[in-house]
Structures are given as C-alpha cells and as structure tokens.
Amino acid sequence: MVSTNEIRASNALINDATGPRVAVFVGGTSGIGKFTVKALFATGTSVRIYLVGRKSSAESMQAFIRELAAINPKAEVVWTEGEISLLAETKRVCEIIKSKESRVDLLFLSAGYAPFGTRQETSEGIEIAQSLEYYSRILFIQHLLPLMKKSEAPKVVSVLGPVWTAAIDLDDLDLKKPGNFSGMKAQTLYVVLGTVTLEKLAIDNPDVTFIHSWPGWVDTGNVRRGGDPNSLWAWFVWLFLDPLIRLVGFSEDVTGQRHLFQSTSAMFGGRGISWKGKPGVNTLEKQDGALFLVNYKCDCTPNPKVVRQLRDKGQVKIWDHTQDILRPYL
Ligand SMILES: NC(=O)c1ccc[n+]([C@@H]2O[C@H](COP(=O)([O-])OP(=O)(O)OC[C@H]3O[C@@H](n4cnc5c(N)ncnc54)[C@H](OP(=O)(O)O)[C@@H]3O)[C@@H](O)[C@H]2O)c1
C-alpha cells in the first residue's frame with residue numbers, strides 16, 4: 001500500500017514544471033473525476049482542463065467552476081458540453097479539443113455506472129453503461145492519442161474496477177443474446193473489455209502510460225444510478241449498500257489525492273513526478289508498453305493468470321469487434 005503521507009508528499013511536488021499542463025476529464029462532473037479535478041487544482045499548478053459533461057450538468061457545473069477558480073486562479077476550466085454516451089458526440093467533443101490543443105498530458109476517464117436495471121440502449125444501439133464505460137472511453141483515447149504523444153509524461157487513467165475472471169462470452173461482447181444481460185455480467189464484461197483493449201493500446205503506444213484503476217467503495221451515489229427505482233436492487237441499495245458505503249467508503253479527499261497520484265506519479269511507468277519507492281508492476285509481461293492495474297490502495301494487481309488467458313483467447317477478437325463499432329466515429 002502506498003501511504004496517504006507518501007501520496008500527499010508526491011502530490012505536493014506538482015507544479016508548473018512537473019504537473020500536467022493540459023488535461024481532459026470525462027466524468028469529472030461528479031464523483032471520483034470531480035474529486036481528482038479538485039485535488040489537481042489545489043496544487044496551485046497552471047493547468048488547463050477540459051471538463052466534458054452533458055447538458056443536464058451544465059448549470060450545476062457553474063458553481064463548481066467558480067469554486068475551482070477560487071481555489072486556483074492560475075488554472076483554467078474549459079467546459080465542453082457533450083452527450084458522451086453517444087459515439088458521434090464523443091467524436092465531436094474530441095474534434096473540439098483537437099482544434100484547440102497541440103498536446104494533452106492527462107486523459108482521465110470516469111463516466112459510467114453499473115447497469116443493475118433493465119437493458120437501456122443509446123440511439124446508436126449500444127447499452128448506455130457499456131458506451132460510457134467502454135466504447136466512448138476507447139474512442140476518446142484513440143482520438144486523443146496523437147496529442148498525448150506530444151507530452152513528456154502522457155497518462156491515460158480509466159476508473160472502473162478489478163479484472164477477476166476470464167470467463168466471458170466472446171461471441172456476445174455486447175450482451176445482446178436473449179436473456180444474456182444482467183448488471184453483474186455487464187459490469188464484469190466492461191471491466192474485462194477495458195483491460196484487454198487498454199493492454200492492446202499500451203502495446204501499440206509504448207510512449208503512453210495507461211492505468212486501469214479500481215477505486216474501491218467511494219460514496220458518490222454511483223450505485224443508485226443504474227437500477228430501476230422500484231426494483232429489489234434499489235431497495236437493497238437503499239437499505240444496505242448505501243449505508244455500508246457511507247460507513248466504509250473512501251472520503252472525497254482521500255479518493256481525489258489517490259487518483260491525482262496515479263495520474264502524475266512516476267511510480268507507474270517511470271514518467272512524471274519522481275518516485276523513490278517500489279515501482280509499480282507493469283501488467284505487460286514481455287512487450288514494451290505500460291499498463292498498470294491499480295487498486296484503491298495504489299497497489300498494482302496485475303493478476304497475470306486471468307490477464308494472460310484473456311490476452312491469449314480474446315485480444316484479437318475484442319479489438320476487431322471494438323474497431324468495427326468505433327470505425328464510423330474515428
Ligand atoms: N463509486 C464507487 O464506489 C465505484 C466503485 C467501483 C467502480 N466504480 C466505477 O468508477 C467509475 C466512476 O465512478 P464514480 O462513483 O465517480 O461515478 P459517478 O460520480 O456516479 O458518475 C461519474 C460520471 O458519469 C457520468 N454519467 C453517468 N450517467 C451518464 C449518462 N447516462 N450520460 C452521460 N454521463 C453519465 C456522470 O455525469 P453527470 O454528472 O452528468 O451525471 C459523471 O460525470 C464508474 O464507471 C463507476 O461505475 C465506482
């Protein structure tokens with residue numbers, strides 16, 4: 001475990017010379033992304049962040065943007081509106097960022113929720129949480145990679161969950177077969193898809209560091225997002241899960257600091273704020289490239305047996321399927 005003191009000491013070294021100068025936050029309108037934005041602003045560094053969010057959050061974001069300006073007048077927020085569950089919108093947002101910036105140092109992806117209700121699709125025919133937690137995230141990465149390669153310490157951080165099984169149905173990667181959709185299956189699959197595809201992107205782009213973060217329990221209201229309000233799941237969340245998360249979950253400050261550390265420390269891949277402790281364990285075994293599966297204690301959990309199985313049996317199929325879906329928006 002990386003201690004809170006070590007994390008705060010590392011984050012205290014973030015300044016104009018060492019920290020990210022241009023960052024894109026997708027999912028920074030609430031929860032872990034928002035806490036990380038606040039922690040980044042609190043360092044006082046001159047960063048410009050693109051805060052990407054949907055229209056329904058625009059009004060509530062004005063107060064947050066004013067709060068950020070008061071915390072750090074040297075930093076800048078560029079509110080960038082987009083319905084990022086739609087791939088066409090994701091592409092449009094990326095085009096805006098590409099037209100304004102020549103480099104991106106940090107891409108922080110945290111939009112999404114566990115879909116513990118009935119299957120709901122976007123107008124593009126993709127299950128909403130799958131679009132937010134997988135397809136749209138990969139599309140952001142593919143669009144912004146050329147800008148990230150201009151950075152000295154480019155980092156992609158995708159916040160989702162731990163990869164714990166290789167038992168997925170490779171013939172139904174969108175869970176569209178009748179009766180094949182459930183919240184648990186979906187969340188497990190989206191974590192697997194993210195890990196496998198981030199690994200492929202890390203191999204193809206060894207100059208960029210990729211992190212797949214498992215945040216642990218954080219009281220953000222995320223568990224309430226995905227279920228039908230009158231379902232048994234909603235009652236379970238209200239009676240047990242929410243109070244439990246409030247009791248044992250990580251605080252806003254700790255979560256923000258830990259994710260800022262992951263976003264900036266050279267512990268993961270050697271680039272960024274210098275790190276004298278034990279280096280993180282890269283998931284890639286023999287190839288160049290940097291993918292770190294990082295848990296809520298900032299320990300690396302490469303889970304080699306499961307990841308190797310997924311790589312061997314799924315990487316090509318998952319990549320080809322993903323590119324088939326994303327091609328019209330690339
Ligand atoms: N919190 C936890 O304990 C926990 C644990 C394990 C994994 N995770 C996963 O980690 C990620 C981040 O979690 P979090 O707790 O920070 O999440 P969160 O605060 O509930 O939401 C994160 C972001 O998702 C966006 N979002 C949700 N539904 C959307 C939709 N239909 N269209 C567009 N944007 C949408 C939100 O936008 P708005 O602000 O506009 O609603 C927000 O920016 C999620 O994928 C979550 O499933 C969380």
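Being a predicted model, the structure only gives us computed values, none of them experimental. When a ligand or atom number is given, it counts from 1 through the structure's own listing order.
Scanning the protein for heavy atoms near atom 16 (O) of ligand 1, the closest one is Ile32 N, 2.7 Å. Nearest non-hydrogen protein atom to atom 46 (C) of ligand 1 is Asn222 OD1, 3.4 Å. Distance from atom 43 (O) of ligand 1 to its nearest protein heavy atom, with residue and atom name: Thr29 OG1, 2.6 Å. Given atom 27 (C) of ligand 1, the protein heavy atom at minimum distance is Arg225 NH1, 3.4 Å. Among all protein heavy atoms, the one lying closest to atom 22 (C) of ligand 1 is Ser110 O, 3.4 Å. At the shortest separation from atom 19 (O) of ligand 1 among protein heavy atoms lies Ser30 OG, 2.7 Å. From the protein, the heavy atom lying nearest to atom 8 (N) of ligand 1 is Leu160 O, 3.6 Å. At the shortest separation from atom 24 (O) of ligand 1 among protein heavy atoms lies Gly112 N, 3.1 Å.
A salt bridge does not link Arg308 to Asp312: none of the charged side-chain nitrogens sits closer than 4.0 Å to a carboxylate oxygen.
What you find for Ile84 and Thr90 is that their closest heavy atoms are O-OG1, 3.2 Å.
Considering backbone and side-chain atoms alike, Ile128 places every N or O at 3.5 Å or more from each N or O of ligand 1. The shortest N or O to N or O distance between Ser56 and ligand 1 is not under 3.5 Å. Residue Pro215 has no nitrogen or oxygen atom sitting less than 3.5 Å from a nitrogen or oxygen atom of ligand 1, judged on distance alone. By the 3.5 Å distance cut-off applied to N or O atoms, Arg54 is counted among the residues near ligand 1. Looking at Ser85 next to ligand 1, no N or O pair under 3.5 Å apart turns up.
Counting heavy atoms only, Val218 comes closest to atom 2 (C) of ligand 1 of the residues Ile84, Val218, Asp219, Val223. Closest heavy-atom approach to atom 15 (O) of ligand 1 within the set Thr122, Thr220, Val52: this belongs to Thr220.
You'll find the ring centres of Tyr296 and Trp214 inside the 6.0 Å limit.
With a 4.0 Å cut-off on non-hydrogen atoms, Gln187 touches ligand 1 through its side chain and not its backbone. Heavy atoms from both the backbone and the side chain of Ala111 come within less than 4.0 Å of ligand 1. If you look at Leu132 next to ligand 1, the close heavy atoms, those under 4.0 Å, all belong to the side chain.
Judged purely by distance below 3.5 Å, without hydrogens or angles, the side chains of Ser151 and Arg103 never pair a donor atom with an acceptor atom. Residues Tyr134 and Asp174 bring no donor and acceptor atom of their side chains to less than 3.5 Å of each other. With 3.5 Å as the limit, one finds no donor-acceptor pair spanning the side chains of Tyr329 and Gln142.
Taking 4.0 Å as the cut-off, Glu83 does not count as a neighbour of ligand 1 on heavy-atom distance. Residue Met61 places every heavy atom at 4.0 Å or more from ligand 1. The closest approach between Gly216 and ligand 1 falls below 4.0 Å for a heavy atom of the residue.
For ligand 1, the atoms lying closer than 4.0 Å to a non-hydrogen atom of Arg137 are 45 (O).
In this structure, Lys155 forms no cation-pi arrangement with Phe268, as its terminal cationic atom is not both closer than 6.0 Å to the ring centre and no more than 45° off the ring axis.
Under the 3.5 Å distance criterion, the side-chain polar atoms of Glu6 are matched with a main-chain donor or acceptor of Ser3.
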Apply ring pair (Phe, Tyr, Trp, His ring centres under 6.0 Å) to residues Phe64 and Trp79 and explain how you reach the verdict. CA-CA 11 Å; Phe64 180 51; Trp79 168 250; 9.9 Å; no

Where do Asn282 and Leu284 land on the side-chain contact (heavy atoms from CB on, under 4.5 Å) test, with the steps shown first? CA-CA 5 Å; Asn282 193 343; Leu284 294 176; 3.7 Å; yes

